[in-house]
Amino acid sequence: MMPLREMAQAVLSTSDGRQKTALSRGFAAEWFATRIKDDPVSLGHATPPEFPARPEKPELLAPRDVPRRRPHTAKGRLAMLHAVAHIELNAVDLHWDLIARFEEIKMPLGYYDDWVRAADEESKHFNLMCDCLEAQDSYYGAMPAHAGMWRAATDTQDDIMGRLAVVPMVLEARGLDVTPGMITLFEGANNDMAVNALNVIYSEEVSHVAYGSKWFHFLCGRHDIDPKGEFHRLVKKYFHATLRPPFNEEKRAEAGIPPDFYWPLSDVARPPSGT
Ligand SMILES: [Fe+2]
Ligand SMILES: [Fe+2]
């Protein structure tokens with residue numbers, strides 16, 4: 001088996017979206033099929049690129065230049081699916097980057113298992129979104145997309161705890177807040193294909209947030225640091241905005257993120273408990 005970090009580097013260096021996800025899914029299957037038999041497991045070495053390879057299209061624009069989406073029009077909903085595809089492709093790279101980078105920090109094997117599984121699921125999510133776009137005579141790349149997605153990765157390229165705080169515990173947790181509203185929107189538009197795809201995404205994203213919380217707490221324990229205070233410090237350092245309610249408290253709790261982690265980082269007063 002190719003060492004895991006070399007697999008990660010190969011995914012990060014592949015530009016076409018469908019090729020990247022095919023490689024990612026194939027490597028994940030190979031990892032889980034062979035790593036139990038391999039003793040010791042070879043993680044190998046990688047020099048992850050500062051920016052992962054991406055296709056020529058979509059054109060990447062500054063957030064203020066990305067056209068506003070009107071969710072109550074068919075065109076607006078199509079643009080929304082395109083934006084989700086873009087987020088999922090970025091997530092594939094983010095999870096493989098968590099494997100390729102931070103080589104000097106020794107982590108248990110379960111850390112690699114979790115991120116390989118998450119990368120495999122993100123690859124499936126990207127493909128599901130591409131299928132939805134193609135069913136409507138569109139494709140990933142047909143519209144411009146957000147240029148700032150990789151910023152969280154470059155900001156935290158030397159700080160594994162900052163990366164875990166900002167990527168799974170803030171950005172992916174945000175996905176848990178907004179996805180139910182999107183599902184309702186596509187139900188209203190009778191788009192069963194999109195509803196089914198978004199339900200798969202919603203059910204699988206909880207575990208990605210949970211992996212983030214698990215390994216963040218693990219590292220806090222290793223260094224004898226208070227997790228809540230450290231989470232607040234790192235999010236303020238690396239995330240350039242306040243957190244926006246409404247929060248999906250139930251799914252966040254399921255993923256191991258208690259309310260006193262995120263409410264103090266929003267600029268809205270926390271409602272009394274039980275409401
Ligand atoms: Fe995803
Ligand atoms: Fe995810």
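What you see is a predicted model, and the numbers here were worked out from it, not measured in a lab. One-based numbering, in listed order, for ligands and for the atoms of each.
One finds a salt bridge joining D177 and R252 here, because a Lys/Arg side-chain nitrogen approaches an Asp/Glu carboxylate oxygen to under 4.0 Å. At a threshold of 4.0 Å, the pair R163-D97 counts as salt-bridged, since one of the basic side-chain nitrogens sits closer than that to a carboxylate oxygen. Under the 4.0 Å criterion applied to side-chain N and carboxylate O atoms, D93 and K20 are assigned as salt-bridge partners. Using a 4.0 Å cut-off between a side-chain N of Lys or Arg and a carboxylate O of Asp or Glu, K124 and E204 qualify as a salt bridge.
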Check residues 65-79 and write down every donor-acceptor pair under 3.5 Å in which the side-chain atom is one partner and the other belongs to a residue at least two apart or another chain.
| unit_1 | atom_1 | unit_2 | atom_2 | d |
| --- | --- | --- | --- | --- |
| T73 | OG1 | R70 | O | 2.9 |
| T73 | OG1 | G76 | N | 2.9 |
| R77 | NH1 | P71 | O | 3.4 |

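Put simply, the side chain of S138 never gets that close to the backbone of E134: no donor and acceptor are under 3.5 Å apart.
Sorted by chain and number, the protein atoms of type N, O or S within less than 2.8 Å of the Fe ion (ligand 1) are E88 OE1, E122 OE1, H125 ND1, E205 OE2.
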